[in-house]
Amino acid sequence: MSMKSKIVNVLKRTGLTLAFPALIFVVMLIITLANGINYYVSGIMVRQVVTDATLTTIIALAIYLQFKNGRFDFSGGATMILSAIIAGNITLQAGGNSVMFMVLSVLFAVVFSVLTASVYIASKVPVIICTIGMTLLYESLTYVLFDAEGLSIISRVDMVLFGRVPYIFIPLVIVLALFIFFTYFTTEGRRAKLLSGNQKVAVSIGIRENKNVLITYIVCGVILGFGALVYGSQQIITTQSNLSTSSILFSYIVPVFIGMFIGKASVDAVGVVAAAVGMEFLNYGLDCLGVGAGGYQQIIFGMFMLAFYAFSAQAGNIKKLLNKVVAKFTKQEKKELPDVR
Amino acid sequence: MRKFFKKVLLFVTVMALCVGIGTSMVACGGDGGKVLIGVGLYQDAGPAVTATKAFLGGLEDELNCKFEYTTLSQTDEAANKTTVQTLISKGCKGIILTMDLGMSSIIAECEKAGVYIGGYLSDYETTLDSIKDNDNFVGTVVDGAYRGTAWGEHIAARVIAEGYKNIGMIKFPAFAFPHQNEMDTAFRAKIAEYNETAADGDKITVQATTTELNFSTLEASYFSENPDLDAIFAMCAGVDFVYPTMVSAGKTGIKLYTAGFTTSESTLADFGEGKCIQELVFSNVEAITYPVVMLLNKISGNEFADNPAQAERVDSSQIIIENSADLELVRTKSIYCTGKLEDAFLSAADVKALLAENGGTYAKLVETVQSMTIDDLAAL
Amino acid sequence: MENETILVCKNIVKRFGPVNALNGVDFEVRRGEIRGLIGENGSGKSTLTSIMAGMQKATSGTMEYKGKPWNPSTMEQAQEQGVCMILQESNTVRGCTVAENIFAGQISKFSKFGVVNMKKMTEEAQKLLDSFGVGRIRAADLIDRYTFEDRKMIEIVRSVSADTEILVVDETTTALSFDARELFYKLMKRLAEQNKAVIFISHDMNEILEQCTHLTVLRDGDIIGHLTGEEMRQPGAPEKIRYMMVGREIGDAYYRSDYDTSHEEEVALEFQDVSVGEIKHFNLKLHKGEIVGFGGLSGCGMRLIGRAGFGLEKLTSGSVLRNGKKIKDPLTAIRSGIGYVSKDRDTEALILSASIADNITFPSLDALSKFTFIDPRKEKKLVKREVDRYLIKCNTPRQLVSTLSGGNKQKVSFAKWTAKGSSVIIMDCPTRGVDIGVKQAMYAFIAQMKKEGKAILLISEELSELIGMADKIIILKDFAVSGEFMRSPDLQETDIIGSMI
Amino acid sequence: MEEIKKESKFKKILSAVTTYIRGHVSDVASYAGLVLCLIVFTITSNGRLWSTYNVSVLLESVCVYMIVSLGALFVYAMGYMDISVGAQMGVYCLLMIFIINATGSLLLGFFVMLVLTLLCGAFNGAVAVWLKLPSIVTSLFLMFLFGGIQYLMVESTGSSIVSTDYDFSIFLEPWVIILSIVVVAGVVFYLFNYTKLGKYTRGIGANELTTAQCGVNTTKWKVIAYMAFGVCVAIGSLFLLARTGSAGKGTASSYAMDVMLALILGGMPLSGGMKAKVRCALVGSFTYSLLSNGLILSGVDTTLVYFIKAIIFMIVVILSCRDRSGLLPR
């Protein structure tokens, strides 16, 4: 591949990935303007989209890291919430600052992730069920610790630096870098990929699964720790029960799927970022239209999700159809073996 | 098939065994003659809960009763009914509820079981009319004032006095909090009255239509929509629903007048002169005295001479905090913040004296729950 | 002259719960030999070799490798020391590159402080591929792009290195095409010539006799005997080996003995101008009481025909007819009396986590159901009949299929269709991974079915099986019919191979 | 001599019991969890657990869980989840109130609800297949959709809660509840063990490919399974509504997760398949209700209730879902 075509290729891929948020932005802009709202594009909007998209990206990446490795981890939300509560309250009591909050968040998230992984490895209970159990456990701890007061530090400017522009880019960049570094450049990341591709074979080749799961969980814990940092810096956290943290998780899962799809054009992590930005454009637009919360928001969100899924699931077929049409015109016989061996 | 029957048989045997043990234990068990009163709170924990428990705990010996706490659901009527049923199972004779959810079925259940219900921090907006004649409902004490007019006027007066000119208005939807409309109207009327006499440059602009929050935090777009605000009157619980957005949108320069309270250090740090939050309000946990006294009267079979014919909805006095001096006072002297029984407005003996059997009157009871203000606190 | 011994196993015992897979086996591997290992399923050959290669641990017993105690804990470790094993099933990881697959167990070799140098890894992998003569496989490509054979080659490249002293090949060749097999044999020979050792496991007697220099026969966890190259070449050796494997006389009646190619006039299944996938305009009439065999290299499209006959594939033209009715999907196929024994036994033909009874009755439920009710007594009767018919070895029909051996599993997947009373049965590699004893039984059942007037479409990768069983053999090459042969005593494999490649 | 014989006989029985337990850990664990809860709560509640009143209360609260999870059995047996159930039930309850208030006919309300549940069943089953989506996505969509509708329905009335004066007391009679549970459980037991529906749904869960190759139109049976679930959801909603006669924004919202937890407690593998049994729903939902009831009766501090529940859940799950094959189960 020549240098020029390489550059063209990279540009093309980037363009494809960025097309999603760009499209959403334009559509929302048109809709808001048509409704006589002229404040869709504003400084506040940029700030809001950036802060929300960062949080979304971090949590989505944490979910995605497990997802990518063939596990669906229910406990991510609970781990994050609990770490934020503990780290935040300790920092408060110690009179610490943002950096201390960050360090503690990451520390506790890693501790809880390791705990989850250890229970999973030791109990050998299917991962969904095991993490549901751990979720219930972590949620129950939100009632036991710190007088069940949750965490409310959003107005402590010295503590929530990392939840605001511009410092919010620090956790974002760290998480993105960590995610990409781990999945693409590290030994364990590569091993995780092999394990998710074919668990049985990978184990028989000599990859130690337990160690790999533990390390993946540690990385995931670090990401969740930064998630806890940003989440705790932006929102008041209350006690949780009956898998309510899973709905926190679910609300961030749509960007994961969308990101996986649009990320195919480039790097998956970048896809998640683009998806998160796109979703926040959508959310902010809905806010402006006055349907940012309540019944209509849910319905619109649901419709959007289904439409996107349906489209991406059919994308293969659409591509095939196009290929067929092209093949017919160019009379090029593809030499591709059928799926059946 | 045979195996299936075996299983059923085993199951039945175990059940029967448990029933046997159970009933025999009920026969021997007992609670030492104390009257059990169930308390269904609106949250599991938090300063209000701690304070309530501390206050009630101090009453137990003096009033010869015992309080059982559970948490009610804010959304699920069926769950609340189950909770009440479980309290009845436990042997509660009276129940204090903080939620108007599934009330008609709960009252029916209590009627069957001969248990009395009293309300606390709830106005029973949707059900009071249907249950006030019910003999098993003893009345409720409201979270502050039932009508919102007075507080609306009070805030308007402050805004005028402190010289803010561009006011944002936020409240909960009318279907949930109808009395915030009164608050809204009263506020606007008072401002309009001022504007009539004010010089042109001094007129106050109020957000034309009040923004309604659907129990989710304020959206950041609010500040794009209303770019020039210098103060916000949040009739809703602004500390939880408005303030976070102001912080994340970097709009803490705007002054916030709101109801609600918090013990969160970080939020309180932004209260007072020159800070963002200008007003905080909370209800006294001692107001629970009203349902406690009413229930104990019913259970003991005594009645006030001046008992109302129907169950009533009674206002309670609130602690209104306007400046950092007030805040300091509250933080050091109110049971709400200290969680210490000795900081309560009422001692166990005070409450005991309010009972009908000890010569209390209804009028005295109502007066008591309505006379616990910040000034009273200062005087304590 | 005896060559130097490289690996010695002494008194190896392996227990799986109450079952003894190996009861104290002594085994030696010498340099320069290609040692065949033969035995029925469950005889312990794979268990023995996998213990040598570090896949699992023996319950007791000792091993010595190059004169030192040998106790590998993982396959990777064994491989580093020079003992490597190529497994029966596909053993590559999808979604990863060829290079990643090759160095899966040795990623740390290319890592510094946990960071991988992917570029170096890909280069090394390509060098290896080139050295094996399969340079057309590119190390940087996703492995999903390659065919089954190529992936097997990639596995070989992964396992075999300059340090390899012992190569264990576990039933790999059955899955390979002719070319790939040849490449494989060459590799084995080369290793033997380099004074290394090869252990070769296969069910294919001919292959064993042709390729191996020595042979060991196992039965029920015991070594029954060893044969030298000379003994193996003697006439009558196959019968002798079979006897050793099974422990009883197999006799001549291995395949069908008759050469009666007659069948009834009635057409049982008709392919009319069928185009499916790459196959264009295929026509065939399968009559009652006829066995039509399909052969060819894997990937030639014969499986597609079988799937199309059962309504599993979407036809782009033409139709599959039974009694004048179109077969659109498995439901219409089953209702009109067609059965299909899939090649992918564990993933398509059987529900492993279900009981034998459930598996057998599954296709018949539709017929058993009366006013929604399925009578458990009727089910039981049906299951008992089939279990008795096939002599399925089990404690109870409620036993899970996953606990059965390969042969018994295959019997269950046959029983599904005889239980349903299917009169047309499409079999895709019905004896794949099945040992000789069961194989013989299977052939007897197939011959019996023919006699009962059932129509059989037999798809097989083993030419000898086709020659032994089919009335008519159709050979496919690149999705088109390349030859047709009628049953005859004179028909030889060499006659057919020409049209396959 | 005699004694030795006796002893050996005893030993034989003991070993038979232990081997049975070893082979059926998951079955035994879910029963053991229930029995343990019963015994412990009997003691800690001073026997109040078994007072007539509490039994009737328990019955009332268990009935909705049981009926809904009995229906959910078909869906979970296929290895699918339906997280929209909660929102669906909320809307159904509201809808029934609207219809009853407008027409006074409970039957009409129930009928409309039944039609809706069947439609949703068809949607979950068929649309997922047609659009080639995992069914969790369609149910996620339905959750958002119904959640939104529930919200708007309540809002449209201008009140935070909608209620009806219709007399539901017949549905709260213990014998009606028991009869309904028995009938529903009986029908489900029959469908699950003696008809194609049960066998096919388990087959789909265990190995969809094989099931399809056995001539099962998987799409059709998925739809039927979801519809069977729908019928149970309709009946469950009726009983739920009967309990309070009112509904609001949050009514039933927790049911999707509650049903899942109940089934897991009953020993249901979330991957579905042959291990799905009717008792998963019966035992599971009973244990689940018992936990809340018993813990409150025993006077456990509300903040600790969740913690204890989580621990019990983990123990039951570890005993019943442990996978002994070498790989970590996903």
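Here is how names work: the chains are called A, B, and so on, in the same order as the sequence lines, proteins then strands, and each is numbered from 1.
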Results of side chain to side chain donor-acceptor pair (under 3.5 Å) for Tyr200(D) - residues two or more places apart only: none
Residues in side chain to side chain donor-acceptor pair (under 3.5 Å) contact with Thr117(D), at least two apart in sequence or another chain: none
Lys416(C) versus chain D, the contacting section by heavy-atom distance below 4.5 Å: side chain
To the nearest 0.5 Å, tell me how far [X] [atom1] sits from [Y] [atom2].
X: Tyr340(C); Y: Cys214(D); atom1: OH; atom2: SG; result: 12.5 Å
X: Leu197(D); Y: Ile374(C); atom1: CG; atom2: CD1; result: 9.5 Å
X: Thr210(D); Y: Glu348(C); atom1: OG1; atom2: CD; result: 7.5 Å
X: Thr347(C); Y: Glu208(D); atom1: OG1; atom2: CD; result: 13.0 Å
X: Ser353(C); Y: Met274(D); atom1: OG; atom2: CE; result: 6.0 Å
X: Leu191(D); Y: Thr372(C); atom1: CG; atom2: OG1; result: 7.0 Å

Chain D contact residues among residues 358-367 of chain C, heavy-atom distance under 4.5 Å: Asp358(C), Phe362(C), Pro363(C), Leu365(C), Asp366(C)
Interface residues of residues 323-339 of chain C facing chain D - heavy atom cut-off under 4.5 Å: Pro330(C), Leu331(C), Ile334(C)
Phe373(C), CZ atom: more than 12 neighbouring heavy atoms under 6.0 Å: yes
Heavy-atom closest contact (Asn207(D) atom, Asp346(C) atom, distance): ND2-O, 3.9 Å
Any Gln213(D) side-chain heavy atom under 4.5 Å of Ser342(C) side chain: yes
Stepwise side chain to side chain contact (heavy atoms under 4.5 Å, CB included) check, Ile351(C) with Thr211(D): CA-CA 8 Å; Ile351(C) 302 177; Thr211(D) 308; 4.1 Å; yes
